[in-house]
Amino acid sequence: MSRQSQTFIPTLKDAPADAEAISHKLMVRAGLIRQLGAGLWTYLPAGWRVQRKVEAIIREEMEAIGCQEMLMPLLQPAENWEKTGRYAIPELFKLEDRKGSPMVLALTHEEAITYHVAREVRSYRDLPLMLFQIQTKERDEGRPRAGVLRTREFTMKDAYSFDRDEEGLARSYEAQAGAYERILDRCEVRWYKVESDVGMMGGSGADEFMAPCPAGEDEVALAPGYAANVEVASATAQSAELPPPLPAPERIETPGLTTVEQVSGSLGLAPGALIKALPVIVEGRGMVLVLVRGDHRLNEIKLRNALGAGFRPAGVEEIGAELGPVGYIGPVGARIPVVKDAAIAGDSYVCGANESDAHLRGVQPGRDFESEELDVRVVEAGDTAPGGGTIAIEPAIEVGNIFKLGSRYSDPLGASYLDESGVEQAIVMGSYGIGPARIVAASIEQRADEHGIVWPRALAPWQVHLVSLSKPGEPEREAADKIYDALRAAGAEVLYDDRDVGPGNKLNDSDLIGCPLRLVVGRRGLAKGVVEATERRSGSAPELPVEDAAERAIALLDGLDV
RNA sequence: CGGGGAGUGGCGCAGUCUGGUAGCGCACUCGGCUGGGGGCCGAGCGGUCGCAGGUUCAAAUCCUGUCUCCCCGACCA
């Protein structure tokens, strides 16, 4: 059924007032989705058609690498989550059944799949194994946002690999990565594969597939031959201009100057000539003083990974007791461990003197204080990447991620096998997620113009939007009806706008909905014996003879590059 | 979790400060006109003003509580 008069595509002239992201506005306006609650979205018929196209592509590419589809429950007993230590995750929805048994709504399915594999797989002969599902996930997000980009309930394709050893995992991981590249290419989204943090998944390595777009919540650091999430990106800093070195640190009065801007401004120095001192309390280790250059920011994920432990910022009281007044903290004379960011590489810095209204200048790391050197700053545009290129930073949306889990889940859930020599070994796992809704949103973000959505053929809800400008019953309508029948007979996916509304409404809705090819059947064209085709993306508008309009339209469609 | 904003017809909003008959645009229904980029005329339908309690002769408006949604930040497979 694709007569528009009988299809539920509620388009809107205006976007909801609170929508910010392009994809959010357009998906609502084009009648693809509607909101039910915070982070909870209903897919209307056109939106669901698009999502199913993405899912079909994912299915094909998963099956092509020997990954088998299955389906696991969303509602699960809490027990396995307690075993893996993930029951404490704040995003995990927790509930009880009527008997009072603790249950959870799965935010991903490592526990379930590992539970099953642990029971069924016993021999090295059963491995390797790759399984996937396309299933709902539930996450109690602190802040859902941007329409479908960050929601509390969403569909995810999650795949899991099971191997005998690290080499096997590496092969499975590469197979999945290759499939992801083909999936994203087929969906026509621009993407980067970037190094990433392992986060709550745990494990030994991870990559993310990022689609650059304005609404992206992540930032990627890019250079020729280099791509990383800024959460983990590492690069050589641009140099900062330093004053001449001094034989020893010199105390200077800085009354009331507590920020980098104030101190550098008052001394006439670049912010990069200052050292910013950030006291943190490290789990099981007490207070540590972390130093970054005045013009740099601390990267908390890199610091956590470098320390191998969690931490929190120290409180004002704690800092006062251990070091001095907040705003005048520095490493010289500090009696606690000092971590110095690698970008602090000069020999004459200004830092706090650990007393009110005073700083020190001419401070030289190594001479004036001891420290452990780590890379813990946020990289910036203009830095030099490991390959020698210059870093650029772009916002991007994470559309997929792949993790080397190792035995992070197989150990606590007892997933093991007997090897050739009869020795019990832990199964080595990987997990691979991809979000169809985010692919759809990214496609819209990347391709939309001021008139609406611009679908690639692979995702379009319909390939052709046939628009009849005449009223029902008028002779021109017959020509449109015939073309509709011919297109359908030829197997084309066609949405036929046969509604009794004005031409402006139809044309604007057509732009909004964004099918790759539009055919307008109106009095003006018919007088010349033509229907007007318009390629949504290029705007190219050839005229097609009425008699074989359907055939010609299909040929046009096949000629579109995307 | 911290900060800010908003809940009034399907959508977008005014009215709230200064309490007194709930309004506008769009959409929708009916009739007519119009028919190539959201057209026009006329007549209509539709709202316990998020919820609960309080003050008052009288509450959308004042007070208290509460729920929901949005934005910025934190967090985020």
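Just so it is clear: chains get the letters A, B, ... in the order the sequence lines come, proteins before strands, and each one is counted from 1. Only this structure's heavy atoms are used, side chains among them; waters, hydrogens and symmetry mates stay out.
As a whole-Å value, the separation of A:R499 CZ from B:rC28 C1' is 15 Å. The distance from atom CG of A:D218 to atom P of B:rG73 is 13 Å, rounded to the nearest whole Å. The nearest whole Å value for the distance from the CE atom in A:M72 to the C1' atom in B:rA77 is 14 Å. Spacing between atom CZ of A:R297 and atom P of B:rA74 amounts to 9 Å, rounded to whole angstrom units. Taking atom CD of residue A:E217 and atom P of nucleotide B:rA77, one finds them 11 Å apart after rounding to whole Å.
Shown here, B:rG9 forms no base pair; nothing in the strands shown gives a Watson-Crick or G-U wobble contact with both key distances under 3.5 Å. For B:rG46, there is no paired base (Watson-Crick or G-U wobble, both distances below 3.5 Å).
Nucleotides B:rG9 and B:rG25, compared at atom C1', are 13 Å apart to the nearest Å. Atom name P, nucleotides B:rC49 and B:rG10: the rounded distance is 14 Å, in whole Å.
Closest to the side chain of A:V520, out of B:rG36, B:rA77, B:rC75, is B:rG36. Residue A:N508 places its side chain closer to B:rG37 than to any other of B:rC76, B:rG37, B:rG36. Of the listed nucleotides (B:rC76, B:rG36, B:rG38), B:rC76 has the atom at the smallest distance from the side chain of A:E141. The side chain of A:K13 lies closest to B:rG38, out of B:rG36, B:rG38, B:rC75. Side chain of A:R150, nearest nucleotide from B:rG37, B:rC76, B:rA77: B:rC76. Set against B:rG37, B:rC26, B:rA77, the side chain of A:F154 has B:rA77 as its closest nucleotide.
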Donor-acceptor pairs under 3.5 Å, side chain of residues 212-220 of chain A to any protein atom, not counting sequence neighbours: which ones?
{"from": "A:E217", "atom 1": "OE1", "to": "A:R145", "atom 2": "NE", "distance (Å)": "3.0"}
{"from": "A:E217", "atom 1": "OE2", "to": "A:R150", "atom 2": "NH1", "distance (Å)": "2.6"}

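Between the side chain of A:R518 and the base of B:rG37, at least one donor-acceptor pair of N or O atoms lies under 3.5 Å. Not a single donor-acceptor contact under 3.5 angstrom links the side-chain atoms of A:N505 to the base of B:rG37.
At a cut-off of 3.5 Å, with distance as the only test, a side-chain donor of A:R86 or A:Y409 sits close to an acceptor on the other residue. Inspection of the A:Q133 and A:D158 side chains reveals an N or O donor paired with an N or O acceptor under 3.5 Å.
Looking at heavy-atom distances under 4.0 Å, A:E300 makes contact with sugar-phosphate atoms alone, never a base.
Nearest-nucleotide assignment on RNA chain B puts the 5′-proximal partner with A:G142, out of A:G522 and A:G142.
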Between protein and nucleic acid, restricted to nucleotides 68-71 of chain B and to nitrogen or oxygen atoms under 3.5 Å apart, what atom pairs and distances do you find?
{"from": "B:rC69", "atom 1": "OP1", "to": "A:A38", "atom 2": "N", "distance (Å)": "2.9"}
{"from": "B:rC70", "atom 1": "OP1", "to": "A:Q35", "atom 2": "NE2", "distance (Å)": "2.8"}

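Using a distance-only test at 3.5 Å, with no hydrogens or angles considered, no donor-acceptor pair links the side chain of A:K137 to the main chain of A:H109. Judged purely by atom type and a 3.5 angstrom limit, A:R29 uses its side chain to pair as donor or acceptor with the backbone of A:K13.
Using a 4.0 Å cut-off between charged nitrogen and carboxylate oxygen, A:E476 and A:R523 count as a salt-bridge pair. Using a 4.0 Å cut-off between charged nitrogen and carboxylate oxygen, A:D449 and A:R536 count as a salt-bridge pair.
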